[in-house]
Engineer: 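Okay, handing you the structure first.
Chain A is the first sequence line, chain B the second, and so forth, proteins listed ahead of strands; every chain is numbered from 1.
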Amino acid sequence: MTLLRVEEMSIEFGGVHAIEDLSFVIEPGAIHSIIGPNGAGKTTLFNLITGLYRASRGRIMFEDRDIGGQPPHRLARLGLSRTFQNLQIFFRMTAIENVMVGRHLHESRNVLAHLLRLPAVVRQNQRTSAKARELLDFVGLADDADVAAGAMPYGALKRLEIARALAVEPKMLLLDEPAAGCNPVETQEIDHLIQQIAKTGVTVVLVEHDMRLVMNVSTHILVLDAGRKLAEGSAAEVRANPAVIAAYLGAQGQRELARAQG
Amino acid sequence: MAALRQPRTGGLLVLAAIIAVLPFLLPNAYYFDVVILVGINALVVVGLNLLIGYAGQISLGHAGFFGLGAYASAVLPARFDIPPLAALVLGAIGVGLLAVVIGRPILRLKGHYLAVATLGMGLLIFMLLSNEQDLTGGPDGMAVQRLTILGYKLHGVHTWYWIVGGALLTGTWLALNLIDSPTGRALRALHDSEIAAQVNGVDVVRHKLTVFVISAVFASLAGSLSAHYSGFITPNSAGFLHSIELVTMVVLGGMGSTFGGIVGAAVLTALPQFLTVFHEYEHAALGLIMMVCMIYLRDGLLPSLRQRLHWRRS
Amino acid sequence: MSEFLQFLFSGITIGAVYAMVALGFTIIYSASDVINFAQGEFVMLGGMCTVFLAAAGVPLPIAALLAIVITAGVGAALCKLAIEQARGASVVALIIITIGASVFLRGIAQVVFDKQLHRLPAFSGEQPILIGGATLLPQSLWVLGGAGVIVIALHRFFRRTLFGKAILAAAQNRQAARLVGININLVMLSSFALSAAIGALAGILVTPITLTSYDVGTMLALKGFAAAMLGGMGNPVGAIVGGLLVGVAEAMGAGYISSDYKDAAAFLIILAVLSFLPQGLLGARIRERV
Amino acid sequence: MLRVEGLTSHYARVQALKGVDLEVGAGELVALVGGNGAGKTTLLRTLSGVQPASGGKVYFDDTEITRQAPHKRVRLGIAQVPEGRQVFGHLSVQDNLRLGAYLRRDKDIQDDMDRMFAMFDILSKKRYLPAGSLSGGQQQMLALCRALMARPRLLLLDEPSMGLAPVLVDQILDAVATLKKQGMTILLVEQNAYAALSIADRGYVLETGQVALSGPANHLLNDEQVKKAYLGI
Amino acid sequence: ADIKIGSVLAVTGRASFLGDPEDKTLRMYVERINAAGGLLGQKIELVVYDSAGDAAKARTFATRLIEEDGIIAMVGGSSTGETMAMIPLFEEAKIPFISLAGGIVIIEPVKPYTFKTPHTDRMACQKIYGDMTARGISKIGLISGSGGFGKSMRKQCLSAAKANGIEVLADETYGPKDNDMTPQLTNIRNTAGVQAVLNPGFGQGPAIVTANFKQLSIDVPLYQSHGVASRKYIELAGDASEGVRLPASALLVAENLPDDDPQKSIVVNYKKAYEAKWNEPVSTFGGHAYDGLFILAEAIKRANSLEPGKIRDEIENTKGFMGTAGLVNMSASDHLGLDLTAFRMLEIAKGEWTLVK
Ligand SMILES: Nc1ncnc2c1ncn2[C@@H]1O[C@H](COP(=O)(O)OP(=O)(O)OP(=O)(O)O)[C@@H](O)[C@H]1O
Ligand SMILES: Nc1ncnc2c1ncn2[C@@H]1O[C@H](COP(=O)(O)OP(=O)(O)OP(=O)(O)O)[C@@H](O)[C@H]1O
Ligand SMILES: [Mg+2]
Ligand SMILES: [Mg+2]
């Protein structure tokens with residue numbers, strides 16, 4: 001069964017066709033990368049898939065169910081979770097509280113019980129915070145649990161977002177440029193992290209401009225350009241595609257890839 | 001012991017202790033009166049702080065809910081022969097329902113747009129209360145029957161002191177519970193980023209509505225208490241100035257600090273009593289104090305003080 | 001028909017006042033993201049200073065000019081002594097500061113001036129102009145003209161001048177604005193002085209019609225704020241449209257529905273508009289990018 | 001041209017810079033590398049004045065500017081491309097550029113603007129659109145151009161390649177190299193340490209608010225420690 | 001010890017129209033009484049709090065006066081709302097309370113310790129209706145302010161209409177801070193058969209109503225209420241006020257009263273004193289405070305005691321007291337003591353008040 005199927009989807013912003021007539025599928029268990037020049041529509045695509053934008057045409061099927069027009073929190077319940085290119089951290093909360101919010105769907109939502117602080121709520125708080133601590137540990141932020149998110153460095157926040165997204169226990173995790181602003185060593189840590197996530201059975205959709213990371217982890221790559229599909233295939237196929245080289249990789253991309261392999 | 005050090009439990013105990021000790025320190029009924037008013041305002045502020053301080057949704061119309069609660073307690077017994085206690089409960093339920101109906105459309109608005117919508121809501125309620133003269137007595141207000149519980153008529157500042165003190169303690173406890181719960185975390189999350197909150201499964205609309213209703217019910221109950229306590233109400237209690245006063249209490253005490261809100265309520269309720277020494281400069285002094293506090297203690301009285309103490313210690 | 005026209009004239013006149021107050025809100029908001037609830041006090045100061053200067057024997061035009069200068073000075077002082085000091089405070093804290101300023105200014109005014117009502121003579125007589133069976137005061141034309149001139153001038157200022165754009169830039173991203181060399185303090189100071197001056201001018205123009213006293217500011221600030229939001233905060237044209245709409249809604253409400261609930265008409269329109277256009281009629285509709 | 005002595009800076013109680021010494025000579029391209037949270041951004045912000053220094057001194061052309069307001073520093077010729085782009089979202093692309101030349105009064109502003117549009121074609125296409133609607137990479141280009149519009153003598157670049165497509169990283173780094181060739185003095189902060197050191201004359205490695213290492217760029221490139229910690233080789 | 005007299009007034013806020021002159025009057029006359037040796041050989045200490053017109057604040061200040069300041073009597077309460085909120089406290093504390101507010105509910109039903117000095121709204125309505133009937137007017141339009149004063153008088157005028165042979169054809173209102181009433185007046189103008197317009201209200205409203213009335217060239221008589229009974233009104237409404245009629249106390253036409261009018265010396269003296277000291281025209285509201293203070297002072301003298309209960313009894317015994325509002329004769333069943341003769345019907349002519357014969 002395909003996990004996600006996008007069919008002939010389009011969206012435009014005041015005349016700009018951010019996504020145009022795009023169709024593709026994502027298989028479960030994949031690390032599916034989406035690359036393309038700046039402004040190709042990658043983030044927009046994420047926004048469409050996670051319900052923040054509404055497509056003007058086309059369909060999105062998740063596990064063979066049409067999810068078009070569903071609000072983001074419903075989609076989260078179905079198993080979709082993501083991080084953001086422009087960080088969306090809860091800055092007034094501590095690191096661990098950020099992750100605890102990610103557990104929202106796995107907690108009871110009985111407001112009356114919350115108000116009265118029934119014993120079940122206390123126990124649940126403990127469970128949630130234990131789980132959150134586990135996830136912070138997983139992304140390497142165990143020591144920062146009680147630090148206010150506002151005081152954490154950029155790189156740490158990127159990982160905090162990943163931990164929070166994982167707390168949702170998604171079937172599919174969408175990462176928007178997780179390695180941006182990271183140096184090569186930190187990028188390798190992210191690389192490792194992504195592979196570990198994939199190992200737990202979560203399908204990863206990755207948008208990233210760091211070609212070493214992309215080529216290294218992806219099982220499948222979709223290349224977008226100006227909202228349309230430019231190419232698709234395995235890392236090796238995409239890398240060799242002259243159109244992709246011209247529109248996206250350029251000399252730098254190839255050089256990096258060369259260094260990555262050499 | 002560890003539980004004591006938690007701000008929740010520790011703070012609640014301190015509050016309970018203050019409420020228990022205060023009566024022995026107050027010389028006469030006037031001071032009781034001021035303290036009771038502080039308690040009533042604090043109860044509204046504790047609820048409002050959930051909405052403004054935690055969920056980040058401004059309301060410039062909460063006095064409207066306060067006024068509706070007060071008038072429910074005045075009008076229902078006087079005109080429809082409903083027992084006061086039932087009126088109080090009916091008022092709270094009615095206000096809660098009203099908050100759902102109003103909240104649904106307006107909570108989609110953001111920032112200043114929400115401010116203007118809630119302002120409009122407050123004004124509409126105020127207009128209703130002052131125009132429906134036959135029901136509410138109009139701008140001159142109306143008298144309120146005494147609250148009777150089990151045939152016992154509640155009057156005298158001492159009785160009311162304990163009632164209001166108990167209500168405040170309970171309200172604070174409920175608010176603190178809520179904050180340290182999934183709902184509370186969702187509220188704080190949507191304050192910082194609605195988008196991220198949604199993507200993490202938080203039903204933003206529902207949570208905003210929930211906290212709006214809770215804060216409205218707090219206001220309504222406080223309004224009812226205030227009506228029964230003072231025995232006479234006018235539409236001013238639902239007016240814009242009162243709304244502003246309430247928001248100022250929240251912000252002055254410290255947004256997102258439940259105990260801060262109580263401090264804010266205490267300061268702002270008691271302040272005019274001290275400022276009478278300035279005679280005609282009373283209002284100028286009040287304005288100046290508001291400005292100076294917000295400029296130099298911008299996180300609010302309690303959080304700022306706490307920070308300074310920390311600072312000194314480290 | 002003549003009654004409709006009468007309601008319309010009435011609404012437009014009063015709407016022009018709201019519009020000018022809304023413009024003041026918009027300018028300061030554009031420059032600093034601050035909603036200045038002391039805007040109504042600027043209107044009050046304009047009217048009261050003129051009244052008292054004129055009573056002291058200063059010729060009316062000079063009194064008006066002085067009043068504008070004084071009010072602009074008060075605006076600048078408010079910026080320098082309060083808003084600038086509070087840099088980095090939250091939006092709500094800033095709102096409270098401006099409310100504090102409004103209480104303060106009102107408190108001072110009631111001592112420096114008095115608590116009486118005052119009026120100024122109409123600029124060009126009080127003989128009503130008859131149009132289609134409805135009447136309009138010549139002073140209303142002054143108010144409308146004043147609002148029109150101000151909005152056109154402002155529109156040009158923000159669209160055409162570099163300083164105008166710098167104000168917008170400073171509002172959107174303070175740090176980046178400083179990095180391109182914009183003197184933030186100067187921008188804020190000018191915007192406060194400017195909107196205070198506009199408020200004062202409004203106060204002077206309307207005092208012959210509406211009278212003035214130390215406490216006229218509160219209600220005007222409320223209506224002006226509502227008008228600014230209805231039109232879409234940050235857009236001078238929106239402020240005008242919003243102001244006129246609120247004014248006309250009130251007049252029509254009072255005329256056709258019930259004078260008891262005429263303010264309700266205005267706010268119901270605002271609620272209705274906002275539920276379809278959450279950014280107001282002409283507010284910027286940029287979607288949040290993530 | 002730029003000399004920094006014992007510079008310190010705090011965020012509330014967090015000390016982000018713990019005494020940084022650094023120098024940039026006229027016409028030099030100096031790279032500044034370091035891990036997340038090392039204090040690179042803080043250093044640049046302190047240099048341009050938007051972040052107050054709590055101690056130490058900054059000299060520009062041998063005059064002390066430690067306490068000068070940011071706009072005065074821009075006038076002296078210091079321009080910064082801030083981390084995270086920070087374009088004026090509601091203003092058009094063109095207005096963003098024009099504001100870059102805010103303090104200039106000369107006649108060449110229009111020419112310079114045309115040059116920017118020539119350099120990045122996509123900006124030219126979107127010149128009338130609000131900058132907030134640009135994609136991340138497009139905004140980065142705009143931020144760079146905006147800083148250049150000030151005709152700075154010292155350009156502070158904070159991770160200009162962040163979030164850019166590989167072709168554009170090329171383009172940006174080429175542009176930086178070209179600017180250097182034209183004689184501009186540049187202080188470049190980059191996570192892509194390899195690329196940065198490749199085009200730089202000298203480099204500094206910043207660790208937890210202090211300079212850990214400095215020297216000619218090619219030395220650093222071959223330094224074992226640097227290789228391991230920052231180049232990932 | 002000094003004689004402590006308390007007051008809570010709306011010195012600021014919407015009703016500062018009332019509270020401000022009341023405050024000034026009380027301060028001025030307490031000073032004078034003290035300068036002349038005080039009461040019963042003791043100085044009066046006046047404690048005034050500003051309620052800003054808010055009933056809740058008034059209530060707290062009343063508690064403060066009773067509990068903290070220990071007053072023996074109270075003169076104050078500018079508006080009906082404030083007064084009603086304070087009454088239970090004074091009744092419970094058994095301290096005499098002379099209110100300065102208009103509402104009839106204050107003294108009806110009679111409460112032992114509560115008195116008031118101003119005429120009631122109902123009396124004003126009756127006086128106006130009387131004048132209308134004399135002019136052959138029987139169908140009127142009503143436009144009232146929606147503040148406490150306007151609302152309350154509107155209600156009284158509506159309920160008194162029938163008995164006085166008046167029919168109210170149009171009934172409009174406006175807000176206390178409104179600054180344009182042309183829509184409401186247009187509706188009245190367009191109502192067929194309206195022979196006169198009556199405008200209960202105080203503050204800026206009536207002045208604007210008057211101006212708008214002229215602007216719309218409505219050519220029936222305009223009646224205002226005693227709420228605008230101050231020179232300020234003529235000043236604000238300008239030429240438009242020509243021919244406007246209103247009921248008011250003799251105070252406004254002090255100098256025009258015939259010399260044999262028993263009230264003349266009282267009102268002339270008060271007027272002169274007030275205007276000299278405060279440099280602003282008198283209003284009847286300040287006069288209410290004057291009446292209240294002196295009714296109390298006389299009662300204290302008669303009681304020759306500072307015991308609140310005795311003072312109360314003497315207030316109730318006030319007979320033949322001539323105040324600015326008129327002749328006061330209180331009794332156990334009448335805690336106001338004024339009758340219709342206290343009101344004079346005035347008309348504005350050439351910018352001056354004149355007595356309607
Ligand atoms: N909310 C919006 N309003 C207007 N235009 C938008 C909006 N969102 C995206 N766009 C436009 O859609 C196009 C695609 O943008 P998107 O952010 O999806 O690109 P991207 O592929 O993520 O680029 P990058 O790699 O730089 O992040 C761009 O031209 C952008 O200007
Ligand atoms: N606004 C802030 N409030 C509190 N602490 C901050 C703030 N900004 C940065 N810091 C702290 O200052 C230190 C230096 O941060 P800085 O942003 O300068 O690092 P950087 O080297 O630029 O990192 P990155 O590579 O992630 O951009 C970090 O420890 C960070 O946590
Ligand atoms: Mg993107
Ligand atoms: Mg950085």
Side-chain angles (χ1 to χ4, degrees), chain C residues 26-27 29-33 80 84-85 87-90 155-191 231-238 279-280 282-290, chain D residues 12 41 44-45 47-52 69-92 94-105 109 129-136 138-139 142-143 145-152 155-156 158:
Chain C
T26 281
I27 293 168
Y29 178 78
S30 296
S32 58
D33 255 340
K80 200 85 202 155
E84 209 174 279
Q85 308 299 322
R87 187 173 302 138
S90 67
H155 199 68
R156 301 208 146 216
F157 175 65
F158 282 123
R159 282 285 160 88
R160 301 276 167 81
T161 69
L162 190 60
F163 192 62
K165 283 174 188 167
I167 290 184
L168 297 180
Q172 282 166 42
N173 192 324
R174 183 174 288 265
Q175 179 181 321
R178 298 171 81 195
L179 287 175
V180 300
I182 295 171
N183 183 347
I184 293 283
N185 290 345
L186 185 68
V187 161
M188 297 247 295
L189 200 69
S190 337
S191 70
M233 200 46 140
N235 183 335
V237 181
Q279 309 287 319
L282 299 173
R285 255 181 289 280
I286 287 200
R287 263 203 268 184
E288 212 176 332
R289 295 271 270 117
V290 287
Chain D
T41 300
L44 291 203
R45 282 165 49 86
L47 292 181
S48 57
V50 289
Q51 161 82 18
H71 62 272
K72 296 211 174 120
R73 302 192 201 199
V74 175
R75 205 183 285 282
L76 291 176
I78 302 179
Q80 179 173 347
V81 179
E83 181 180 57
R85 313 184 261 273
Q86 322 253 355
V87 296
F88 303 121
H90 295 253
L91 295 179
S92 70
Q94 184 169 312
D95 284 347
N96 268 270
L97 291 181
R98 181 62 191 83
L99 282 168
Y102 182 69
L103 291 177
R104 281 172 59 185
R105 292 285 173 269
I109 295 178
L129 294 180
S133 72
L134 299 186
S135 78
Q138 294 160 354
Q139 292 186 9
L142 179 57
C145 292
R146 185 180 62 190
L148 290 177
M149 285 300 293
R151 287 207 172 165
L155 182 64
L156 308 174
D158 200 348

Engineer: Considering only heavy atoms, which portion of D:Val81 lies under 4.5 Å from any heavy atom of chain C: side chain, backbone, both, or neither?
Structural biologist: neither

Engineer: Answer with side chain, backbone, both or neither: which region of D:Arg85 has an atom nearer than 4.5 Å to a non-hydrogen atom of chain C?
Structural biologist: neither

Engineer: With rounding to the nearest 0.5 Å, note down the distance linking CZ in C:Arg178 to CD1 in C:Ile184.
Structural biologist: 6.5 Å

Engineer: Would the number of heavy atoms belonging to other residues, nucleotides or ligands and lying under 6.0 Å from CZ of D:Arg75 be above 12?
Structural biologist: no

Engineer: Roughly how far, to the nearest 0.5 Å, is CZ of D:Arg73 from CG of C:Leu179?
Structural biologist: 10.5 Å

Engineer: Just how far is it from atom OH of D:Tyr102 to atom CE of D:Met149, taken to the nearest 0.5 Å?
Structural biologist: 14.5 Å

Engineer: Given heavy-atom pairs under 4.5 angstrom as the criterion, report whether the side chain, backbone, both or neither of C:Ala177 touches chain D.
Structural biologist: both

